[in-house]
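Letters A, B, ... are given to chains in the order of the sequence lines, protein chains preceding strands, and every chain is numbered from 1.
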Amino acid sequence: MSIDIMDDVFDKALSSPGLVQDPSVLRSDYIPDRLPFREEQIRTVAEILAPILKNSKPSNLLLYGKTGTGKTAVTHRVLERLQKAATKTPKQMTFAYCNSRVAGTEYRVLSQLANAIGVEIPFTGLALSEVFARIIKHINQSQTNVIFTLDEIDFLVKHSGDDLLYEFTRSNSEIFPASLSLVGISNDLQFKDLLDPRVLSSLSEEEIVFTPYTADQLRTILNERALLAFPPGQVSQAAVNLCAALAASEHGDARRAVDLLRVAAEIAERKSAASLEEEHIRLALQHIEQDRIGEAVHSLPLHAKLLLTTIMLNQDSQSTGEIYESYRKLTETIRTESLTQRRVSALLAELDMLGLITTSIVSKGRYGRTKSIYTQVPKTRLRDLLTADPILKDLKLPY
DNA sequence: CCTCCACAGGAAGCGCAGGAGT
DNA sequence: ACTCCTGCGCTTCCTGTGGAGG
């Protein structure tokens with residue numbers, strides 16, 4: 001029986017022409033040939049980095065702008081072309097890219113960059129300064145002009161300070177006749193405040209600001225992308241417009257807009273729809289949100305899950321103290337060591353960052369200052385997620 | 001105007017796991 | 001085998017603070 005069902009599904013998948021012609025175009029790592037509305041930034045970045053072709057050191061460069069405004073895409077595109085142009089000169093040059101948030105720590109950022117330029121670095125065990133020294137040594141020995149791109153550099157600075165950047169900017173005096181330039185990409189416009197003035201002045205020899213796309217611009221981008229991904233006439237203009245409008249309302253994030261289009265296309269295909277319509281976009285919006293929440297809850301450490309459980313079991317809005325008290329009781333009933341209030345406070349802040357709970361600081365005068373904590377995720381959904389959790393299941397929680 | 005509550009959140013440091021060098 | 005370094009999760013100790021009630 002079930003086999004027949006599957007055959008049916010697979011047959012359908014095989015026989016139907018499929019709505020999407022080229023799904024790779026809608027993937028988030030796809031960089032289109034044309035980057036509309038970013039010609040000026042491309043030109044500027046290219047001008048700043050071009051000296052590397054003439055064997056002189058390009059200025060360090062800082063790119064600002066919110067997520068999905070094309071910073072990474074522009075950088076990749078320019079570096080790619082630079083690499084092509086470099087084949088015409090005998091000069092050695094190497095580019096390395098690292099996303100600080102994905103890498104996580106200073107050490108991992110550095111080792112990733114090192115590996116990218118051909119220096120083998122173990123994933124742990126070395127002093128930071130040692131990794132650094134090896135990179136410098138390699139650059140000097142190979143006489144290569146190097147450009148390091150550090151994406152989401154604000155994350156690195158917020159979590160580990162600007163020591164690493166300071167080392168980088170200082171290292172230039174140790175490198176000759178080769179060179180090392182930095183391209184920093186930041187989503188946070190205020191992150192400059194966190195930098196040491198010396199680092200700042202060195203890092204931001206050049207600065208480019210990326211403004212969010214407007215709804216109109218997003219529409220153009222989506223239309224171009226849809227043209228590549230779908231056969232003609234398969235996407236309604238209304239769907240594209242809605243997609244653009246939704247993304248524009250969230251600070252003009254092109255990546256989100258394309259994601260939305262991709263998920264909507266998958267939904268439409270599953271429903272064997274003839275074309276992509278507004279309703280698919282709306283469903284996709286829900287789907288993405290649910291996915292995000294499920295994923296976030298699933299990957300939480302045990303005690304964060306326990307905290308979420310107490311928040312779910314309790315009243316609508318609670319203070320940190322109340323949450324901590326119920327959490328303590330919960331850990332007692334399942335005979336688990338409880339964490340300290342300080343740690344719980346940090347975990348609550350993390351849950352807030354993930355969007356699983358909402359907190360706001362309220363002062364009740366004589367009765368202290370605390371956080372008011374509640375969850376926006378529907379309790380039934382939270383209950384489903386938590387009761388299904390394999391780790392929590394074994395603990396026999398008293399729901 | 002001052003006090004003082006109930007925390008927020010920073011700083012430092014601890015113990016652990018795990019690789020490099022010796 | 002031993003030392004030195006790292007990140008990570010955590011604790012301990014600490015200072016800072018908005019505003020109701022005195």
For A:Leu351 and B:dG9, give me the distance from atom CG to atom P, rounded to whole Å. 14 Å
Whether over 12 other heavy atoms sit under 6.0 Å from A:Glu40 CD: no
Rounded distance in Å - CG (A:Leu348) to P (B:dA8): 8 Å
Measure CD/A:Gln341 against C1'/C:dC13 and give the value in whole Å, please. 14 Å
Whole angstrom is fine here: how far is it from CD1 in A:Ile323 over to C1' in B:dA8? 15 Å
Which residue, A:Thr331, A:Ile311, A:Leu300, forms the side-chain contact (heavy atoms from CB on, under 4.5 Å) with A:Leu306? A:Thr331
When you measure from the side-chain N and O atoms of A:Lys371 to the phosphate of B:dG9, is any distance below 4.0 Å, counting only OP1 and OP2? yes
Please determine if a side-chain N or O atom of A:Thr320 lies less than 4.0 Å away from the OP1 or OP2 oxygen of B:dA6. no
Would you call the rings of A:His76 and A:Tyr97 parallel, tilted or perpendicular if under 30° counts as parallel and over 60° as perpendicular? tilted
Residues A:Ala268 and A:Leu276: closest non-hydrogen pair is CB-CD1, 3.7 Å
N/O (side chain, A:Arg343) to phosphate O (OP1/OP2, C:dC10) under 4.0 Å: yes
Specify the separation, in whole Å, of atom OH of A:Tyr367 and atom C1' of C:dT17. 18 Å
Closest to the A:Ser363 side chain: C:dG19, C:dC10, B:dA8? C:dG19
Using a cut-off of strictly less than 4.0 Å, decide whether A:Arg108 has a side-chain nitrogen or oxygen near OP1 or OP2 of C:dC8. yes
Figure out the OH/C1' separation between A:Tyr107 and B:dA17, and round it to whole Å. 14 Å
Could a donor-acceptor pair under 3.5 angstrom be found where the side chain of A:Arg342 meets the base of B:dG10? yes
Could you tell me how far apart A:Arg369 (CZ) and C:dT17 (P) are, to the nearest whole angstrom? 8 Å
Side chains of A:Glu277 and A:Ser236, donor plus acceptor under 3.5 Å: yes
Rounded to whole Å, NZ of A:Lys364 lies from P of C:dG22 at a distance of 17 Å
Nearest listed nucleotide, side chain of A:Leu339, among C:dT11, C:dT17, B:dG9: C:dT11
So, is A:Ser345 close to the B:dG9 phosphate, meaning a side-chain N or O under 4.0 Å from OP1 or OP2? no
Where the side chain of A:Arg366 is defined as all heavy atoms beyond and including C-beta, which of C:dG7, B:dC7, B:dC4 is the nearest nucleotide? B:dC4
Can you check whether A:Thr340 has a side-chain N or O nearer than 4.0 Å to OP1 or OP2 of C:dT11? yes
